[in-house]
Number of protein chains: 2
Amino acid sequence: MGQKGAETRDRLLDATQESVEAAGYFGTGLNQVITASGAPRGSLYFHFPGGKDQLVAESIRRAGRAIDDVMGGLANSSASAAEFVDGMLRHLGDRLEESGWRKGCPVATVALETAATNDLLQEACSEVYGSWEAALRTQLAGRPDADDLAVTILALTEGALLLARVHRGRGPLDSVARQIGALLR
Amino acid sequence: MGQKGAETRDRLLDATQESVEAAGYFGTGLNQVITASGAPRGSLYFHFPGGKDQLVAESIRRAGRAIDDVMGGLANSSASAAEFVDGMLRHLGDRLEESGWRKGCPVATVALETAATNDLLQEACSEVYGSWEAALRTQLAGRPDADDLAVTILALTEGALLLARVHRGRGPLDSVARQIGALLR
DNA sequence: AAAAATATGTAGACCGATCTATTAAGGATT
DNA sequence: AATCCTTAATAGATCGGTCTACATATTTTT
């Protein structure tokens, strides 16, 4: 793949990710993606012959890796699991607020929309969540209930992100941050 | 409103709720609602002159009340807050599994799809979550951190429901149920 | 009680806009 | 020359919404 091609491909994924995060799978139109990315229609189907599903699946996996990277960074700079989780909640809260309550979890909306009806996207979402869960688990290594705890913290984060987005305020993220100590003591 | 009219209105709400829960706001087409409910197009706009937004908003509020009722029942039959939450998780898990992983939180998908772009639906979702939160708060009355705890338990429930749906298994709900004691001790 | 008038609700054809996807041809890059 | 990528016209389906005509109740008037 040449340089130009790689760039349009990236721009298409950028535009898709942006829209998917704000409005979900069904709320994202390919016309809009084409307009926002500046790429012509044909390029979309050249780079993503699988159409919308492939485009969204790749953009979701890419968003998943971005969060993985954030967790990787936090893992280095955090002295404890509590500090790690706190840093994560702060990062996600900043991202959410700065985006005008548009960017919550980049996967959740698509996950809910397609869980029952689209195996390809359901699998992509499931895998992304699985990788986040694994990252949390290694962060909690040594604890006897590390598995349950990782799932619980992930659920807590997702839920708080959802509530913060719906209410358009950081309140839920802050409440959860204050309670997380009870889980990690 | 005559009896017949009330019945078609209800059927329209039923069909909407069913589809919205599985596929969200954008994933729900009015043609599909009309077909599933058996009501003609004209009746839809007679009973819901506000169109799709009004239809979905009412169906979400109705779904919210249904959960309120479940919580009301559990409040009577539960001896402790832990028992209450446990009952809630079990109920939601049963509903989710029995529906073939289609029926998670009846509000979450629409909440995420419309949080940034549709004030009417954002408000409807926000209110429903507010009422659930209030119900949890009264269940936790007396505790010094009742407010934070109510939000945290709601977030935990929503997150677990999301993960369970995505992974198509009760695992996350069970993990959370095992960890909830640490919060409520 | 019969007839007329008014709500209430049903029925479906129709509209313009938008949806995802395909296609065939041409330009750019190596 | 050969591969890579872009361009734009087009297809057919579906979208939410409007509209007019009709049927069925309910109330008012006589």
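Order of the sequence lines sets the chain letters (A, B, ...), proteins ahead of strands, with each chain counted from 1. Every heavy atom of this structure was used, including side-chain atoms; hydrogens, water molecules and symmetry mates were not. Bear in mind that the values here come from a model prediction, so they are computed numbers and not experimental data.
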Q) What closest approach, in Å, do A:Ala63 and A:Gln17 show between heavy atoms, and which atom pair accounts for it? A)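 In this case the closest contact between A:Ala63 and A:Gln17 is CB-NE2, 3.5 Å.
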Q: Sugar-phosphate means primed atoms, P, OP1 and OP2; the rest is base. With that split, encode nucleotides 14-19 of chain D 5' to 3' as B, S or - using protein heavy atoms under 4.0 Å.
A: -SBBB-
Give every residue pair that meets the ring-ring contact (aromatic ring centres under 6.0 Å, His included) criterion with at least one member in [range], sequence neighbours excluded.
range                       : value
residues 108-151 of chain B : B:Tyr129-B:Trp132
residues 70-115 of chain B  : none
residues 51-72 of chain B   : none

Q) Would you say A:Ser43 reaches D:dT6's phosphate, i.e. side-chain N/O to OP1/OP2 under 4.0 Å? A)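 So the side-chain polar atoms of A:Ser43 do come within 4.0 Å of the phosphate oxygens OP1 or OP2 of D:dT6, strictly under.
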**Q.** ILVMFWY cluster membership beyond A:Leu13 - transitive side-chain contacts under 4.5 angstrom
**A.**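 Joined to A:Leu13, directly or through intermediates: A:Leu12, A:Leu30, A:Val33, A:Ile34, A:Leu44, A:Tyr45, A:Phe48, A:Leu55.
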[atom1] of [X] versus [atom2] of [N]: gap in Å, rounded?
X       : N      : atom1 : atom2 : result
A:Phe46 : C:dA25 : CZ    : P     : 18 Å
A:Leu55 : C:dT20 : CG    : P     : 10 Å
A:His47 : D:dT7  : NE2   : P     : 11 Å
B:Glu7  : C:dT8  : CD    : C1'   : 15 Å
A:Phe48 : C:dT22 : CZ    : C1'   : 18 Å

Q.
Taking side-chain hydrogen bond (donor to acceptor under 3.5 Å, both in side chains) as the definition, give me every residue that meets it alongside A:Glu18, ordered by chain and number, with sequence neighbours left out.
A.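 Listed in chain order: nothing, the list is empty.
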Q. Taking five pairs at each end, how big is the angle between the two axes of the helix from C:dA1-D:dT30 to C:dT30-D:dA1, to 10°?
A.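 The end-segment axes of the helix from C:dA1-D:dT30 to C:dT30-D:dA1 are tilted 20° relative to each other.
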Give the table of side-chain donor-acceptor pairs shorter than 3.5 Å for residues 104-114 of chain A, with sequence neighbours excluded, one pair per line with atom names and distance.
{"from": "A:Glu113", "atom 1": "OE1", "to": "A:Tyr25", "atom 2": "N", "distance (Å)": "2.5"}
{"from": "A:Glu113", "atom 1": "OE2", "to": "A:Phe26", "atom 2": "N", "distance (Å)": "3.2"}
{"from": "A:Thr114", "atom 1": "OG1", "to": "A:Val110", "atom 2": "O", "distance (Å)": "2.7"}

(Q) Going by salt bridge (charged side-chain N to carboxylate O under 4.0 Å, His left out), name the residues that satisfy it together with B:Asp174, two or more places apart in sequence or in a different chain. (A)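 Counting only residues at least two positions away or on another chain, B:Asp174 forms no salt bridge (charged side-chain N to carboxylate O under 4.0 Å, His left out).
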